[in-house]
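Reminder, nothing fancy here: chain letters follow the sequence lines and each chain counts from 1. Keep in mind it's a predicted model, so treat the numbers as computed, not measured.
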There are 2 protein chains.
Amino acid sequence: MVTHDDKVFKALADASRRQLLDRLRKKNGLTLSELCDGHDMSRQAVTKHLVLLEEANLVTTAKQGREKLHYLNPVPINEIYTRWIGKFERKQVQALHNLKQALEESNDD
Amino acid sequence: MVTHDDKVFKALADASRRQLLDRLRKKNGLTLSELCDGHDMSRQAVTKHLVLLEEANLVTTAKQGREKLHYLNPVPINEIYTRWIGKFERKQVQALHNLKQALEESNDD
DNA sequence: TTGACATGCAACCATTTGGTTGCATATAAT
DNA sequence: ATTATATGCAACCAAATGGTTGCATGTCAA
């Protein structure tokens with residue numbers, strides 16, 4: 001079964017796709033051609049990446065004349081953070097807390 | 001180039017690996033056999049997943065007798081959050097802020 | 001010491017992934 | 001009307017991924 005979360009994680013697993021998201025974060029509403037500039041691969045390859053990002057709901061598109069505009073949707077990223085990553089962060093905070101306690105206790109020697 | 005972040009993202013991209021991390025989060029120091037229980041795949045397949053998690057520094061291992069113990073390291077997860085995901089979260093907060101402003105302005109009609 | 005258990009290692013396999021090229025179509029500009 | 005630009009679609013391909021099986025090795029227990 002491919003869950004929604006799984007699509008997001010898999011979409012984020014590729015450096016080229018993360019770079020595309022990064023560029024949309026800096027400047028939203030870029031066209032396909034604009035997104036292709038500076039990416040060392042064919043337009044069709046970029047399109048494939050964008051389709052995956054769309055399927056993960058990380059990017060929304062709107063056609064304007066002959067151009068296709070791309071918009072970042074950061075919501076799914078936030079979702080996997082709150083629903084998954086956050087649990088591990090809290091674990092780390094707790095681990096640091098435990099370490100701090102251990103260090104303080106070792107000072108009692 | 002395969003960066004450190006890239007290894008972490010790719011390690012998290014597989015549901016089975018996320019499940020393994022989840023189990024270590026709930027109970028740290030599990031052996032390989034214990035981690036295999038409840039996973040519908042061969043021991044060797046689980047080993048491969050654990051190797052990837054180790055290479056991403058998400059799991060640390062220690063051999064004790066004939067058993068191999070596995071420990072969760074949540075630090076890399078926190079790193080990709082602060083260095084990458086957080087930027088998108090702030091974006092979302094800002095978007096919500098903008099939406100709120102827009103709604104309030106529309107109330108002036 | 002013999003057998004059972006826990007793990008390691010390697011070969012192999014099907015599917016997915018990430019890319020390519022070629023061609024078609026729709027829109028804008030001259 | 002013609003040409004250039006922006007995008008869509010499909011076939012193809014190599015490499016990576018996620019799994020398998022078979023066998024070897026190290027360690028604990030009877």
Side-chain angles (χ1 to χ4, degrees), chain A residues 1-24 27-72, chain B residues 1-24 27-72:
Chain A
M1 184 190 55
V2 176
T3 67
H4 178 67
D5 276 9
D6 199 52
K7 279 192 181 177
V8 178
F9 275 113
K10 282 194 159 52
L12 295 179
D14 184 273
S16 300
R17 287 193 289 272
R18 290 198 301 278
Q19 203 180 325
L20 287 168
L21 290 178
D22 241 343
R23 294 190 52 200
L24 288 179
K27 187 160 191 292
N28 219 352
L30 292 176
T31 69
L32 174 58
S33 302
E34 286 170 332
L35 284 170
C36 285
D37 293 346
H39 272 265
D40 193 21
M41 65 180 84
S42 69
R43 170 180 57 84
Q44 290 87 337
V46 174
T47 299
K48 285 193 183 182
H49 284 305
L50 289 170
V51 166
L52 290 186
L53 291 172
E54 269 192 84
E55 286 175 353
N57 202 29
L58 286 160
V59 162
T60 304
T61 62
K63 198 138 191 185
Q64 191 172 72
R66 61 178 164 180
E67 295 183 325
K68 190 174 188 180
L69 309 181
H70 297 76
Y71 299 93
L72 171 66
Chain B
M1 183 190 58
V2 177
T3 66
H4 177 68
D5 276 9
D6 200 53
K7 279 191 182 178
V8 178
F9 274 113
K10 281 193 161 52
L12 294 180
D14 185 273
S16 301
R17 288 193 287 274
R18 290 198 301 278
Q19 204 180 326
L20 287 169
L21 290 178
D22 240 344
R23 294 189 52 197
L24 288 179
K27 187 158 191 291
N28 219 353
L30 291 177
T31 69
L32 174 58
S33 301
E34 286 171 332
L35 283 170
C36 285
D37 292 346
H39 272 266
D40 193 20
M41 65 179 83
S42 69
R43 171 180 56 84
Q44 289 88 336
V46 174
T47 299
K48 284 193 183 181
H49 284 305
L50 288 169
V51 166
L52 290 186
L53 291 172
E54 269 193 83
E55 285 175 355
N57 202 29
L58 286 161
V59 163
T60 305
T61 61
K63 197 138 190 186
Q64 191 175 71
R66 62 180 162 178
E67 294 184 327
K68 189 173 189 182
L69 308 181
H70 298 76
Y71 299 94
L72 171 67

May I have the distance from A/Leu69 (atom CG) to C/dT27 (atom P), rounded to whole angstrom? 14 Å
Out of A/Glu54, A/His39, A/Arg17, which one pairs with A/His49 under the side-chain hydrogen bond (donor to acceptor under 3.5 Å, both in side chains) rule? A/Arg17
Of the nucleotides C/dG18, D/dT7, C/dT20, which one has an atom closest to the side chain of A/Asp14? C/dG18
Looking at C/dG8, D/dT20, D/dG18, which one has an atom nearest to any side-chain atom of B/Ser42? D/dT20
Report the distance from atom CZ of B/Phe9 to atom C1' of D/dT17, rounded to the nearest whole Å. 19 Å
Report yes if a side-chain nitrogen or oxygen of B/Lys63 is closer than 4.0 Å to either non-bridging phosphate oxygen (OP1 or OP2) of C/dA6; otherwise report no. no
Let me know the distance between CG of A/Leu50 and C1' of D/dC9, rounded to the nearest Å. 16 Å
Need to verify one output field. Residue with the more 5' nearest nucleotide on DNA chain C, A/Asp40 or A/Gly65? A/Asp40
Among D/dT21, C/dT20, C/dA28, the one nearest any side-chain atom of A/Arg66 is C/dA28
Nearest nucleotide by nearest heavy atom, which residue falls closer to the 5' end of DNA chain D, A/Lys48 or A/Glu67? A/Glu67
In whole angstroms, how far is the C1' atom of D/dG18 from the CG atom of A/Asp6? 13 Å
Between atom CE in A/Met41 and atom C1' in D/dA15, what is the gap in whole Å? 16 Å
Please report, rounded to the nearest Å, how far the P atom of D/dG8 is from the CG atom of A/Leu32. 6 Å
Listed nucleotide nearest any side-chain atom of B/His49, set D/dC23, C/dA6, D/dG19: D/dG19
From CG of A/Leu20 across to P of C/dG18 the rounded distance in Å is 12 Å
Measure from the side-chain N and O atoms of B/Arg23 to the backbone N and O of B/Leu35, and report whether any donor-acceptor pair falls under 3.5 Å. yes
Check this one for me: any side-chain N or O of A/Lys10 less than 4.0 Å away from OP1 or OP2 of C/dT16? no
OP1 or OP2 of D/dT7 sitting under 4.0 Å from any side-chain N/O of A/Ser33? yes
Let me spell it out: for each of A/Leu52 and B/Lys68, pick the nucleotide of DNA chain C with the closest heavy atom. Which residue's pick is nearer the 5' end? B/Lys68
Which heavy atom of A/Gly29 sits nearest a heavy atom of A/Leu24, and at what distance? N-CD2, 4.4 Å
Is it the case that the base of D/dG22 and the side chain of B/Gln44 share a donor-acceptor contact (distance under 3.5 Å, atom types as modelled)? yes
Counting just side-chain N and O atoms, does B/Arg43 come under 4.0 Å of either OP1 or OP2 of D/dT21? no
Whole-Å distance, B/Leu12 CG to D/dG18 P, equals 12 Å
Between B/Asp6 and A/Arg18, is any pair of side-chain heavy atoms under 4.5 Å apart? yes
What do the steps show when you test B/Leu21 against B/Leu12 for side-chain contact (heavy atoms from CB on, under 4.5 Å), and what is the final call? CA-CA 9 Å; B/Leu21 290 178; B/Leu12 294 180; 3.6 Å; yes
